[in-house]
Colleague: 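Can you read through this structure? Questions will come right after.
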Amino acid sequence: MSQEQVNLVVRGKTLIDGTGAEPISSGLVAVNGKSIVYVGPVAGAPEFPNAHVIDLPEATLLPGLIDMHTHPSYYWEEPDSGTYTDTSDNLKNYNPVTVALKASNYLYKALMSGVTTARDTGGLLGVMPEVRWAIQNGWIPGPKIYIACRLITPTGGHCHFLPNFSIQADGQDGFRRAVREERRAGADFIKLANNGADCTQEELDAAVDEAHRLGLKVVCHTGKPPSQSMAINAGVNTFEHGAPTREEIDLAVEKGITWTPTVTVISYYDKYYKKKLESANPDVVLSAKKELAESKEYKTRKRESISYALESGLKLAAGTDCWTSTWREQAMAIELRNLVEYGCSPMQAIQATTGWAAEAMNWDDIGTLAPGKLADLVAVNGDPLKDIEVMNQVSFVLREGVVVKDDSQK
Ligand SMILES: [Zn+2]
């Protein structure tokens with residue numbers, strides 16, 4: 001590769017490469033087509049005579065952000081409407097065209113907030129493969145998406161009430177078949193759901209074995225114990241939510257498994273429980289009080305889990321767990337702020353949405369800024385290591401070498 005071929009150079013005040021290494025002050029990224037060809041300090045960098053130079057003198061350059069837990073095609077009522085669980089009738093009436101449009105809008109906004117790759121951890125059958133195709137073809141702007149298609153749950157298990165968003169399976173053969181069905185439907189990876197012990201260890205083991213045999217990674221929703229232990233024992237690639245114990249964390253580290261804690265989503269549930277407190281039905285109020293007490297205890301355990309996870313070298317992945325009606329502008333920035341609030345250093349929070357996230361899925365072409373990687377790059381105004389809040393000020397987004405946002409030109 002000659003220096004003449006470099007067509008774009010982006011320079012910033014600071015550069016964070018996503019590996020956890022010390023930031024580079026006055027950093028530069030050089031791009032040829034879709035790929036990064038050079039990363040380093042401006043001082044001492046080679047000349048790139050034909051490059052268009054974008055100077056962002058106040059900005060920090062980072063790898064494109066990865067949202068590891070999204071549901072662009074889920075559509076639930078707003079938590080504060082009080083109808084949170086009463087959705088199965090709405091879902092039955094879904095028009096897939098509407099859902100695809102909503103998903104596209106969600107993904108466009110995610111891209112503009114710096115998310116250049118998103119993992120769709122469960123979506124409406126038939127819709128997300130089309131959305132993925134539309135993005136791949138450049139018909140609509142969006143992050144690169146990896147999709148699970150429907151989530152696989154045992155009969156009556158987590159999210160079984162979401163028709164066409166979940167597939168119910170039973171027994172080892174049933175789980176193997178469900179994995180094959182979702183693969184046929186276009187899944188890039190498999191999403192399993194287990195809350196408590198809704199399914200058996202043998203069922204989870206069979207699903208993971210089948211997915212891995214077919215070359216697909218496995219993501220597992222976990223909730224109440226022993227679902228974390230079960231997922232880790234089954235050898236999933238990432239487990240989602242929850243508050244793993246020290247023993248579970250130790251085992252996950254040993255097995256090279258990543259945890260997606262999804263901190264922000266707790267506040268959506270809290271909002272819903274608080275709404276229920278206003279009910280005229282004393283039983284509803286009683287259950288809301290119990291749920292709020294459990295949520296408080298869960299948050300305490302989650303803080304302990306995150307701090308032990310970081311101490312033990314368990315890698316974390318950042319996931320917003322947003323669906324279309326809980327989508328908020330800057331959802332990833334909010335999750336990163338919450339990860340810091342729960343005990344991550346700003347650098348660790350950044351790794352959770354860059355290097356660690358990519359590593360969990362073996363997405364070797366993204367996640368860090370290095371020669372040979374895809375040119376996915378964002379710039380934020382300010383220094384996120386001093387103040388993680390500035391992650392909500394993404395001023396520049398480069399996706400596979402194409403500038404999709406550049407506020408410096410305004
Ligand atoms: Zn989810």
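This chain uses plain numbering: 1 for the first residue, then up along the sequence. Start at 1 and go down the list; that is how both ligands and their atoms are numbered.
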Colleague: Is a salt bridge present between E240 and R119, judged by a nitrogen-to-oxygen distance below 4.0 Å?
Modeller: yes
Colleague: Tell me, please, which residues at least two apart from H158 pass ring-ring contact (aromatic ring centres under 6.0 Å, His included).
Modeller: H221
Colleague: Without hydrogens or angle criteria, can the side chains of E335 and T320 be said to hold a donor-acceptor pair below 3.5 Å?
Modeller: no
Colleague: Fit a plane to each ring of W133 and W139, take the angle between them on a 0 to 90° scale, and name the class: parallel (under 30°), tilted (30 to 60°) or perpendicular (over 60°).
Modeller: perpendicular
Colleague: Between Y74 and F165, does the ring centroid distance fall short of 6.0 Å?
Modeller: yes
Colleague: Output, by chain and residue number, all protein N/O/S atoms separated from the Zn ion (ligand 1) by less than 2.8 Å.
Modeller: H69 NE2, H71 NE2, D321 OD1
Colleague: With a 4.5 Å limit on heavy-atom distance, are the side chains of F396 and V378 in contact?
Modeller: no
